[in-house]
Amino acid sequence: MTKERMTIIFITGANKGLGRETARRLIELGHTVLVGARNPEQGAEAAAALGARFVPIDVTDDASVTAAAADVAEQEGSIDVLINNAGIHGPAGDPSTLTGTDALGVFDVNLAGVVRTTTAFLPLLRRSSDPVIVNVSSGMGSLAFTHDPSRVESSAIAPLYSASKAALTMLTTQYAKALTGIRINAADPGYTATDLNGHSGPQTVTEGTDAIVGLATEKPGAGSGRFVDRTGEIAWS
């Protein structure tokens, strides 16, 4: 069920893939969406095509994140929903040649980027009567999923991506405990055909955004600290 009131929603990494489809669906529902993206040309193109406003943001750059929050503060004054969607995959397969630089690069986007963006946008969220944060995580970060031979997650080797998403889900639960005035949840899109996996996933990008859109449009009073996929709440271990 969607909220009766329309909301202002900021999405990182919204120029393509899951972020862009999430933006499209939320705009279709009547919400105001701000398209955040690092690439100015792609971000502006996506925003124009969707009927949204483009806000430049590089989640790995403190100054860029601060400037994005200042831009939104000046133009919109507040936001109701922050969707931390920006993410990268990093090296896959045999981890024998992984470096610390590889690890720092993936975690800088997938985890530290969420921290930077959340901190910068918290003042804007706190001006909302029902603030929401949705962190786009993954079942690839679940010990249970990656050890279950019946699930596709068990056959994939993506060491840094999986580790960063496990960390992001735990970060979500910690934020949810500490920031009790904000509803904060993690979404597992599932194995979706996007640039991240060479469009190999069996799900459509619309199916992959079901959990994200669902969490972004819940009515006030829904739970916090949950891990949700398109079929409902899932346990995390």
Side-chain angles (χ1 to χ4, degrees), residues 9-14 17-19 22 59-60 81-92 95 102-119 121-122 125 131-148 150-192 194 196-197 201 203 207-218 222-237:
I9 302 170
F10 186 87
I11 309 173
T12 65
L18 293 171
T22 298
V59 299
T60 68
V81 182
L82 170 63
I83 301 178
N84 287 307
N85 168 73
I88 61 174
H89 192 274
D102 292 332
L104 290 172
V106 174
F107 274 75
D108 197 19
V109 178
N110 295 359
L111 189 70
V114 172
V115 173
R116 289 187 189 94
T117 307
T118 300
T119 298
F121 280 81
L122 275 175
L125 282 163
V132 172
I133 297 173
V134 180
N135 292 329
V136 180
S137 190
S138 172
M140 283 293 294
S142 164
L143 297 179
F145 285 8
T146 55
H147 284 80
D148 181 349
S150 71
R151 294 194 62 102
V152 67
E153 291 89 349
S154 69
S155 62
I157 305 295
L160 300 179
Y161 179 78
S162 296
S164 70
K165 291 302 186 179
L168 178 57
T169 305
M170 181 55 71
L171 183 73
T172 302
T173 67
Q174 292 295 298
Y175 273 41
K177 289 180 180 180
L179 304 176
T180 55
I182 302 175
R183 188 163 67 254
I184 307 172
N185 293 293
D188 171 22
Y191 192 13
T192 303
T194 66
L196 200 70
N197 54 44
Q203 286 187 166
E207 291 171 327
T209 56
D210 283 348
I212 305 169
V213 171
L215 287 171
T217 57
E218 288 180 311
S224 191
R226 295 170 294 153
F227 190 26
V228 175
D229 66 11
R230 66 190 300 260
T231 65
E233 188 170 348
I234 54 178
W236 182 75
S237 62

Worksheet entry | L160 side, atom CG; L104 side, atom CG - distance, nearest 0.5 Å |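 Nearest 0.5 Å value for the CG-CG distance: 9.5 Å.
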Which residues satisfy the side chain to side chain donor-acceptor pair (under 3.5 Å) test with [X], sequence neighbours excluded?
X: T231; value: D229
X: S164; value: N110
X: S155; value: none
X: T169; value: S137

Item to complete: Start with the C-alpha distance between R226 and E218, add both sets of side-chain angles, then the distance that settles salt bridge (charged side-chain N to carboxylate O under 4.0 Å, His left out), and finish with yes or no.
Response: CA-CA 13 Å; R226 295 170 294 153; E218 288 180 311; 2.7 Å; yes
What are the two closest non-hydrogen atoms of [X] and [Y], and how far apart are they?
X: L215; Y: A187; answer: CD1-CB, 3.9 Å
X: P159; Y: P95; answer: CG-CB, 3.9 Å
X: V134; Y: V132; answer: CG2-CG1, 4.0 Å
X: F145; Y: D188; answer: CE2-OD2, 3.9 Å

For [X], check side chain to side chain contact (heavy atoms under 4.5 Å, CB included) against everything at least two apart and list the hits.
X: A167; answer: F107, L111
X: T118; answer: L82, N84, V114, L122, I133, Y175
X: A14; answer: I11, V35
X: T172; answer: N135, L168, I184, A186

Discussion item. Using the salt bridge (charged side-chain N to carboxylate O under 4.0 Å, His left out) criterion, which residues pair with D210? Sequence neighbours excluded.
Written reply: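 D210 satisfies salt bridge (charged side-chain N to carboxylate O under 4.0 Å, His left out) with R25, R230 only.
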Item to complete: Return the set of residues passing salt bridge (charged side-chain N to carboxylate O under 4.0 Å, His left out) with D108 (not counting sequence neighbours), or none when no residue passes.
Response: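 Residues passing salt bridge (charged side-chain N to carboxylate O under 4.0 Å, His left out) with D108: R116.
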Practice prompt. Answer yes or no: is there a donor N or O on one side and an acceptor on the other, between the side chain of K165 and the main chain of V136, under 3.5 Å?
Written response: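 The answer is yes, because a donor-acceptor pair under 3.5 Å joins these two groups.
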